[in-house]
Structures are given as structure tokens and as C-alpha cells.
A.B. asks: 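Handing you this structure, nothing more for now.
Computed from a predicted model, the values in this text were never measured in an experiment. Counting from 1, the numbers follow the sequence of the chain as shown. Start at 1 and go down the list; that is how both ligands and their atoms are numbered.
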Amino acid sequence: MGITEKIKEIEEEMARTQKNKATEYHLGLLKAKLARYRAQLLEPVAKSGGAGVGFDVQKSGDARVALIGFPSVGKSTLLSKATHTASETAAYEFTTLTAIPGVIEYKGARIQLLDLPGIVEGASQGRGRGRQVVSTAKTADLILVMLDATKSDEQKRLLEIELDAVGIRLNKKKPDVIFKKRTTGGITFNSTVKLTKTDEKTIRTILAGYKLHNCDILIREDITTDEFIDVLIGTRKYLPCLYVYNKIDSISLEQVDKLAHQPKTVVISCEMDLNLDYLIERIWDELRLVKIYTKKRGAHPDLADPVCLRAGATVEDVCNGIHKSLATNFRYGLIWGRSSKFSPYAQKVSLNHQVQDEDVVSIFTK
Ligand SMILES: Nc1nc2c(ncn2[C@@H]2O[C@H](COP(=O)(O)OP(=O)(O)OP(=O)(O)O)[C@@H](O)[C@H]2O)c(=O)[nH]1
Ligand SMILES: [K+]
Ligand SMILES: [Mg+2]
């Protein structure tokens with residue numbers, strides 16, 4: 001029996017099993033099995049690629065944004081409008097058959113936008129190019145889930161099921177659980193909060209199902225059983241996501257208004273050029289990029305060529321963004337702007353100082 005059949009069998013058994021106190025542990029075990037098979041399904045099988053291998057597109061620029069959606073929602077139209085790269089667009093499905101990268105230049109940052117083939121229901125189980133698409137999506141810093149505003153909202157749920165099945169968690173934080181494997185000593189189970197969505201017995205059942213008999217578990221958040229399995233599997237990808245409804249030129253204003261009020265959502269029309277600038281602004285915000293200007297002694301800051309980094313970056317990252325040797329020869333830095341505690345004056349800083357958007361930095365070397 002192949003993995004897909006095994007998955008199907010478990011899913012059927014889960015559907016048949018009534019959910020109650022008596023079956024809770026058994027269901028937990030099934031869930032764990034299911035997660036393990038799904039993980040197996042995504043492992044690369046042969047050298048030639050196929051399962052689990054994404055499209056071979058070089059990462060470039062300061063961040064990567066991937067376009068995911070069903071066919072003909074307008075992904076390629078967006079790429080062609082927002083970047084200088086043309087990607088074929090047409091009224092028929094599966095126009096795009098590979099990954100096409102384009103670049104959005106915004107506020108001094110170069111953001112790679114990746115057009116991808118449309119995915120279909122069942123993509124995560126290997127239908128169409130789905131698995132390649134979702135594997136590529138895992139390499140992105142931000143996912144744009146693109147939806148057709150003229151179609152039912154069911155599409156959003158279906159897409160999320162596909163992404164979920166391959167271990168992509170959208171707009172979710174990694175569960176606050178510490179899990180350590182040991183060689184002896186049995187299972188130590190601790191929780192700093194009251195667990196209302198799962199319990200110790202279920203978790204122990206799952207651990208047994210994974211043949212994990214020696215480990216330390218410290219739970220610091222009221223997690224679900226599924227979230228615990230995510231921690232065990234370990235390869236989950238937690239990615240920020242924006243829901244982009246395209247084709248709002250074809251629906252009523254009331255409908256547009258309703259969609260636009262959903263969280264993490266942007267409504268656009270590629271064809272009519274509606275709201276595209278705002279979308280790019282939102283992409284920038286979601287990526288949480290910071291822009292750092294450098295300044296040579298006695299000169300004005302270089303405003304033309306900022307260093308773009310992810311939020312949380314340090315002076316060391318700034319150095320590495322300029323030249324490899326800078327951090328090794330670093331003596332001290334001077335920083336102006338939001339992260340200087342003496343603002344508007346400069347603060348003398350070391351490599352581990354965290355920078356903030358629009359800071360100006362001078363680096364002094366040995
Ligand atoms: N009404 C309307 N049509 C649009 C809009 N954007 C794109 N389209 C049309 O939608 C169709 C599909 O566009 P594509 O850009 O090829 O869609 P895609 O998502 O890349 O499709 P695949 O590559 O096949 O997955 C084309 O006929 C476009 O002209 C829009 O804003 N409004
Ligand atoms: K199309
Ligand atoms: Mg396309």
C-alpha cells in the first residue's frame with residue numbers, strides 16, 4: 001500500500017470515529033500517524049526531484065514573496081503589473097507551468113515576487129504540480145494567497161487545507177513548547193498553563209505512537225493536540241501571509257467592502273490597476289524590513305543606497321550587508337535614529353546592537 005492510500009485509510013477511520021472522551025486517545029494516535037505519513041510524502045524520493053523539491057529559482061534581493069492560488073485568479077497578471085517581468089497570462093487554467101521571478105523595488109528594497117503555477121485541490125497529495133508549488137512556497141518570507149473575488153470564499157478554506165497538509169502554518173506563531181529527546185530517564189511532562197484543548201494522557205499516547213519513550217516536555221501555552229504534533233514533527237514552516245482578493249472590478253462595492261474588512265486582507269484589481277500600490281505597501285509592512293543608511297565620517301548619510309534587513313537585525317548584520325570583512329575588523333559603531341538611546345544624538349554601539357528602520361550607522365574599523 002502506498003503512502004497516499006495509507007493516508008486515505010486513516011482519514012476514513014478518523015471520519016468514522018465519533019469524537020468523545022473514550023475515543024480521544026485513539027484519535028490522537030491516528031492524527032500522529034497521519035502527520036507522520038504526510039511528512040514522509042513530502043520527503044524527496046529520487047535524485048531526479050519530484051516530491052518535496054521546489055522549482056529551482058535562485059533567491060535574490062532582500063526578501064522572497066510567493067504567489068499561491070488556484071488557476072486563473074490573476075497571479076501572472078499581478079507579476080506583470082508589479083514588476084518589470086512579463087509572465088504569460090490567459091483566460092485558460094494552468095497558463096503558468098513553472099516559477100517566474102520578478103522584482104518589486106520599493107523604499108530601497110528589492111523584493112523578489114515569485115509567480116507560480118495554479119494549484120488544485122489535492123495538490124498536497126501530489127496532484128498537478130502542487131507539491132512543487134507548495135515546496136517552493138516554503139522558501140518564501142511571505143505568502144500571498146491570491147483569491148478570485150468573484151468566486152465563493154470556499155476557495156480560501158480549500159487552499160489553506162492544501163498548505164496546512166504540507167506543513168505550512170499561515171499567520172501562526174510556533175507553539176511555545178520545549179521538547180528535548182533523551183536517551184534514558186523516561187518522559188518528564190510539565191506544563192506551566194492549564195491545558196484545555198489537549199491533555200497529558202493524549203500527549204503520552206502520541207509520544208508512544210512515535211516510539212519516544214525518553215524525553216522532556218515543557219508546555220508553556222494552551223496548545224491543541226495538532227499543535228503538539230507540529231512540535232514533534234519539527235519541520236513546520238510558520239509563515240506570514242496576506243490574502244489578496246483580485247478582480248474586484250467585477251463585484252459590487254458592498255462585496256468589496258466586506259472582503260476588505262477581513263484581517264490580513266487586501267483587495268485589488270490587476271486589470272483596472274486598483275489598489276496595487278497599497279498592496280506593495282502592505283507587503284513591505286508584512287516583511288518587516290528595515291532600511292539602514294550608512295554614513296562615512298564627516299560626510300552626509302548615503303540616502304541613495306540603504307542596507308535592507310529583516311526586523312531584529314543587528315549592527316553585525318549591517319556590516320555583513322556592506323562587506324564581509326567589516327564585522328571582523330569592527331572597532332565600534334555610531335548610530336543615529338530610533339535605536340539610539342540618546343536620540344537625536346548618536347550612541348556608540350557594538351556589533352550586537354539592534355538597529356531600527358531608518359537608523360544611520362557609521363562603522364569604525366581597526
Ligand atoms: N476582471 C478581471 N480579470 C482579471 C484581473 N486580473 C487578471 N484577470 C484575468 O484573469 C485571467 C487569468 O489571469 P492569469 O494572470 O493568467 O491568472 P493566473 O492565476 O496566473 O493563472 P494560471 O497561471 O493559469 O494559474 C486572464 O484572462 C486575466 O485577464 C482583474 O483584475 N480583473
Ligand atoms: K490563466
Ligand atoms: Mg499564471
A.B. asks: Evaluate Arg169 against Asp164 for salt bridge (Lys or Arg N to Asp or Glu O under 4.0 Å), listing each step before the verdict.
C.D. replies: CA-CA 6 Å; Arg169 302 288 176 265; Asp164 199 75; 3.1 Å; yes
A.B. asks: Let me see the working for Glu12 and Lys8 under salt bridge (Lys or Arg N to Asp or Glu O under 4.0 Å), right down to the final yes or no.
C.D. replies: CA-CA 6 Å; Glu12 278 164 10; Lys8 206 156 168 254; 3.7 Å; yes
A.B. asks: Do me a favour and list the nearest non-hydrogen protein atom to atom 10 (O) of ligand 1 with residue, atom name and distance?
C.D. replies: Lys247 NZ, 3.1 Å
A.B. asks: Please work out which of Ser80, Ala91, Ser76 has its closest non-hydrogen atom nearest to atom 27 (O) of ligand 1.
C.D. replies: Ala91
A.B. asks: Using a strict cut-off of less than 4.0 Å between a Lys/Arg side-chain nitrogen and an Asp/Glu carboxylate oxygen, indicate whether Lys21 and Glu24 qualify as a salt bridge.
C.D. replies: yes
A.B. asks: Decide, counting backbone as well as side-chain atoms, whether Thr96 has an N, O or S atom less than 3.4 Å from the K ion (ligand 2).
C.D. replies: no
A.B. asks: I want to know if ligand 1 touches Phe94 in the polar sense, i.e. an N/O pair below 3.5 angstrom.
C.D. replies: yes
A.B. asks: Under 4.0 Å, heavy atoms only, figure out whether ligand 1 is touched by the backbone of Ser250, its side chain, both or neither.
C.D. replies: side chain
A.B. asks: Considering heavy atoms of the protein only, find what lies nearest to atom 25 (O) of ligand 1 and give residue, atom and distance to 0.1 Å.
C.D. replies: Lys75 NZ, 3.0 Å
A.B. asks: List ligand 1 atoms under 4.0 Å from Gly118, heavy atoms only on the residue side.
C.D. replies: 25 (O)
A.B. asks: Pull out every atom of ligand 1 sitting under 4.0 Å from any heavy atom of Tyr92, numbered as shown with elements.
C.D. replies: 24 (O)
A.B. asks: Are Val355 and Val315 close enough that some pair of their side-chain heavy atoms sits under 4.5 Å apart?
C.D. replies: yes
A.B. asks: Is the contact between Asn246 and ligand 1 made by the side chain, the backbone, both, or neither, using heavy atoms and a 4.0 Å cut-off?
C.D. replies: side chain
A.B. asks: Side chains of Asp226 and Thr224: donor-acceptor distance under 3.5 Å anywhere?
C.D. replies: no
A.B. asks: Considering non-hydrogen atoms of the protein only, which is the closest contact for atom 13 (O) of ligand 1, and what is the distance?
C.D. replies: Thr77 OG1, 3.5 Å
A.B. asks: Can you sort out which atoms of ligand 1 are near Thr96, meaning under 4.0 Å from one of its heavy atoms?
C.D. replies: 20 (O), 23 (O)
A.B. asks: Hey, what do you get for CZ (Arg288) to CG (Asp357), rounding to the nearest 0.5 Å?
C.D. replies: 11.5 Å
A.B. asks: Have a look at Asp216 and tell me which of Lys180, Lys181, Arg182 forms a salt bridge (charged side-chain N to carboxylate O under 4.0 Å, His left out) with it.
C.D. replies: Arg182
A.B. asks: Taking both backbone and side-chain atoms into account, decide whether Ala90 has an N/O/S atom under 3.4 Å from the K ion (ligand 2).
C.D. replies: yes
A.B. asks: Assess, by modelled atom type and distance only, whether the side chains of Thr23 and Thr17 contain a donor and an acceptor separated by less than 3.5 Å.
C.D. replies: no
A.B. asks: State, without any angle test, whether Ser76 and Asp115 hold a side-chain donor-acceptor pair at a distance under 3.5 Å.
C.D. replies: yes
A.B. asks: Below 2.8 Å, which protein N, O or S atoms neighbour the Mg ion (ligand 3), ignoring water?
C.D. replies: Ser76 OG, Thr96 OG1
A.B. asks: Is any N or O atom of Gly74, backbone or side chain, closer than 3.5 Å to an N or O atom of ligand 1?
C.D. replies: yes
A.B. asks: Find out if a path of hydrophobic residues (ILVMFWY) with successive side-chain heavy-atom gaps under 4.5 Å connects Leu207 to Leu195.
C.D. replies: yes
A.B. asks: Do Asp249 and ligand 1 have an N or O pair less than 3.5 Å apart?
C.D. replies: yes
A.B. asks: If hydrophobic clusters are built from ILVMFWY residues whose side chains come within less than 4.5 Å, do Val57 and Ile143 share one?
C.D. replies: yes
A.B. asks: Where is the nearest protein heavy atom to atom 3 (N) of ligand 1: which residue, which atom, and how far?
C.D. replies: Glu271 OE1, 3.5 Å
A.B. asks: Looking at the K ion (ligand 2), is one of the N, O or S atoms of Tyr92 less than 3.4 Å from it?
C.D. replies: yes
A.B. asks: Does Ser72 bring an N, O or S atom to under 3.4 Å of the K ion (ligand 2)?
C.D. replies: yes
A.B. asks: What part of Glu93 sits under 4.0 Å from ligand 1 if we count only heavy atoms: the side chain, the backbone, both or neither?
C.D. replies: backbone
A.B. asks: Evaluate Cys270 for polar contact with ligand 1, using N/O atom pairs at a separation under 3.5 Å.
C.D. replies: yes
A.B. asks: Among Ile119, Thr95, Asp148, which residue places a heavy atom closest to atom 24 (O) of ligand 1?
C.D. replies: Thr95
A.B. asks: Side chain, backbone, both or neither: which part of Thr89 comes within less than 4.0 Å of ligand 1 when only heavy atoms are counted?
C.D. replies: both
A.B. asks: Which heavy atom of Gly108 sits nearest to which heavy atom of Cys308, and what is that distance?
C.D. replies: O-SG, 3.9 Å
A.B. asks: Do Arg110 and Ser60 get their side chains close enough for a donor-acceptor pair, meaning under 3.5 Å?
C.D. replies: no
A.B. asks: In this structure, which one of Gln347, Gln356, His353, Gln354 forms a side-chain hydrogen bond (donor to acceptor under 3.5 Å, both in side chains) with Ser339?
C.D. replies: His353
A.B. asks: Taking non-hydrogen atoms only, is Ala90 closer than 4.0 angstrom to ligand 1 via side chain, backbone, both or neither?
C.D. replies: backbone
A.B. asks: Under 4.0 Å between a side-chain nitrogen and a carboxylate oxygen: does that hold for Glu154 and Arg157?
C.D. replies: yes
A.B. asks: Within a strict 4.5 Å, meaning less than it, do heavy atoms of the Ile223 and Asp230 side chains meet?
C.D. replies: no
A.B. asks: Quick one: are Val349 and Val361 in side-chain contact, heavy atoms under 4.5 Å?
C.D. replies: no
A.B. asks: Hey, does Gly69 sit under 4.0 Å from ligand 1 if you only count heavy atoms?
C.D. replies: no
A.B. asks: So which pairs with a foot in residues 94-114 pass ring pair (Phe, Tyr, Trp, His ring centres under 6.0 Å), sequence neighbours left out?
C.D. replies: Tyr106-Trp284
A.B. asks: Does an N or O anywhere in Val73 fall below 3.5 Å from an N or O of ligand 1?
C.D. replies: yes
A.B. asks: What's the shortest distance from atom 22 (P) of ligand 1 to any protein heavy atom, and which residue and atom give it?
C.D. replies: Ser72 N, 3.6 Å
